[in-house]
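Read the structure below first, then the notes.
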Amino acid sequence: MFTKKDAKWTLIPASDKELEEVRARCRRLVQRRAAVSAGISAVPIPGLDVVSDLRLFSELIEDVNREFGLTPEQVGRLQPRFRLLAYQAAVNAGGTMVGKYVTKEVVLKLLQRAGAGMVARQATRFVPLAGQATAAAIGFFAFRQIGYQHVEACARVAQEVMLAQQKAAPV
C-alpha cells in the first residue's frame, strides 16, 4: 500500500484536521503568488502582467491540486468508484480545474472571467504611480479571489472523497 506521502504523490487528506491544514497551506500559497502577481503588475510594461499571471496561475493550480491529492495522476490512482466520485464532486463544486490537466487555454479562459479587473488594471497603468499601484492592487485581489475559489473547490472535492472512503473503510 502507499504511504501518505511518497516520492511524487500526496494522497487525499484522510481527516478533517489534515484537510484544514492543506486548505490553510494552500491559502497561504495563493497569498504569496498573488503578491508576486501584484508586484509584476506594478511594472509599467504592457502585457508583462498577463504573461506572468498565466504562468503563476497555472503553477498555482497544479500545486493546489497536488496538495489536495487531486492531480489527474493522483485521481487516476484512486479506486474506480472514488475516482468517479472525485470527478462528479469537481463538477458539482464548480472546480473546472480540479483533477484536470492545466493548459494555457484553460487558465486564459478562467482569467477572462475576471476580465473586467484585467481591463481596469491595464487602463490604470497609463496613469503614473497611482495607476501602477491601483493596477497592482486590482491584480492582487483578482488573483487571490480566483485562487481562493480553486482552493475551496479542491477542499470540497477532497472532503467528499474522504467521507466516501471513511464510509467504505472496514470497521
Side-chain angles (χ1 to χ4, degrees), residues 5-13 19-78 86-87 89-91 93-158:
K5 291 187 181 200
D6 63 24
K8 296 182 183 180
W9 299 100
T10 300
L11 302 179
I12 290 177
L19 185 65
E20 286 305 314
E21 289 171 359
V22 172
R23 177 186 279 137
R25 195 168 50 243
C26 288
R27 287 179 68 90
R28 285 190 303 271
L29 180 62
V30 168
Q31 284 279 106
R32 285 193 302 270
R33 299 273 173 89
V36 170
S37 172
I40 293 170
S41 293
V43 177
I45 299 174
L48 178 65
D49 59 334
V50 175
V51 171
S52 67
D53 280 355
L54 285 173
R55 185 184 59 79
L56 283 170
F57 203 73
S58 63
E59 289 174 1
L60 175 71
I61 297 301
E62 290 173 4
D63 292 344
V64 170
N65 284 348
R66 188 175 305 105
E67 285 291 318
F68 280 100
L70 295 172
T71 64
E73 294 85 7
Q74 291 166 316
V75 172
R77 289 178 66 178
L78 293 172
Y87 286 124
V91 169
T96 57
M97 293 185 288
V98 177
K100 300 206 173 108
Y101 289 104
V102 179
T103 64
K104 289 179 186 175
E105 292 79 20
V106 171
V107 174
L108 190 58
K109 285 182 182 178
L110 182 69
L111 291 176
Q112 284 173 344
R113 288 183 192 166
M118 292 183 78
V119 169
R121 186 167 67 184
Q122 292 296 331
T124 58
R125 180 157 291 125
F126 296 108
V127 179
L129 291 168
Q132 292 171 339
T134 303
I138 291 170
F140 174 82
F141 289 113
F143 194 100
R144 187 182 70 173
Q145 184 62 30
I146 295 169
Y148 280 175
Q149 288 172 356
H150 182 66
V151 169
E152 293 308 313
C154 284
R156 284 191 298 273
V157 171

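FYI, the numbering just counts along the sequence from 1.
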Worksheet entry | Partners meeting side-chain contact (heavy atoms from CB on, under 4.5 Å) with Q31 (sequence neighbours left out) | F140, R144, Y148
Worksheet item: Can you find a heavy atom in the side chain of F57 that is under 4.5 Å from one in the side chain of I146?
Response: yes
Worksheet, complete the sentence: For E20, the side chain to side chain donor-acceptor pair (under 3.5 Å) test, sequence neighbours excluded, returns R23
Practice prompt. Could you tell me the separation between the SG atom of C154 and the CG atom of L70, rounded to the nearest 0.5 Å?
Written response: 5.5 Å
Discussion item. Looking at every heavy atom in both C26 and V151, which two are closest together, and how far apart are they?
Written reply: CB-CG2, 3.8 Å
Worksheet entry | Contact summary for F68 and A155, nearest pair of heavy atoms | CE2-CA, 3.6 Å
Discussion item. We want to know whether N65 and T71 form a side-chain donor-acceptor pair, criterion being a heavy-atom distance below 3.5 angstrom.
Written reply: no
Worksheet item: Roughly how far apart are L78 CG and I12 CD1, rounded to 0.5 Å?
Response: 4.5 Å
Discussion item. Let's go through E59 and R55 carefully: what are the C-alpha distance in whole Å and the side-chain angles of both, what is the deciding distance for salt bridge (charged side-chain N to carboxylate O under 4.0 Å, His left out) to 0.1 Å, and is it a yes or a no?
Written reply: CA-CA 6 Å; E59 289 174 1; R55 185 184 59 79; 3.3 Å; yes
Worksheet entry | Gap separating the CZ atom of R32 from the CG atom of L56, nearest 0.5 angstrom | 12.5 Å
Worksheet entry | For the student: nearest non-hydrogen atoms of L60 and F143, plus distance | CD2-CE2, 3.8 Å
Discussion item. Measuring from atom CD1 of I61 to atom CZ of R33, what distance do you get when rounded to the nearest 0.5 angstrom?
Written reply: 10.0 Å
Worksheet entry | Atom pair CD (Q149) and CD (Q145), whose distance is rounded to the nearest 0.5 Å | 5.0 Å
Item to complete: Quick one: list whatever passes salt bridge (charged side-chain N to carboxylate O under 4.0 Å, His left out) with R27, sequence neighbours left out.
Response: E152
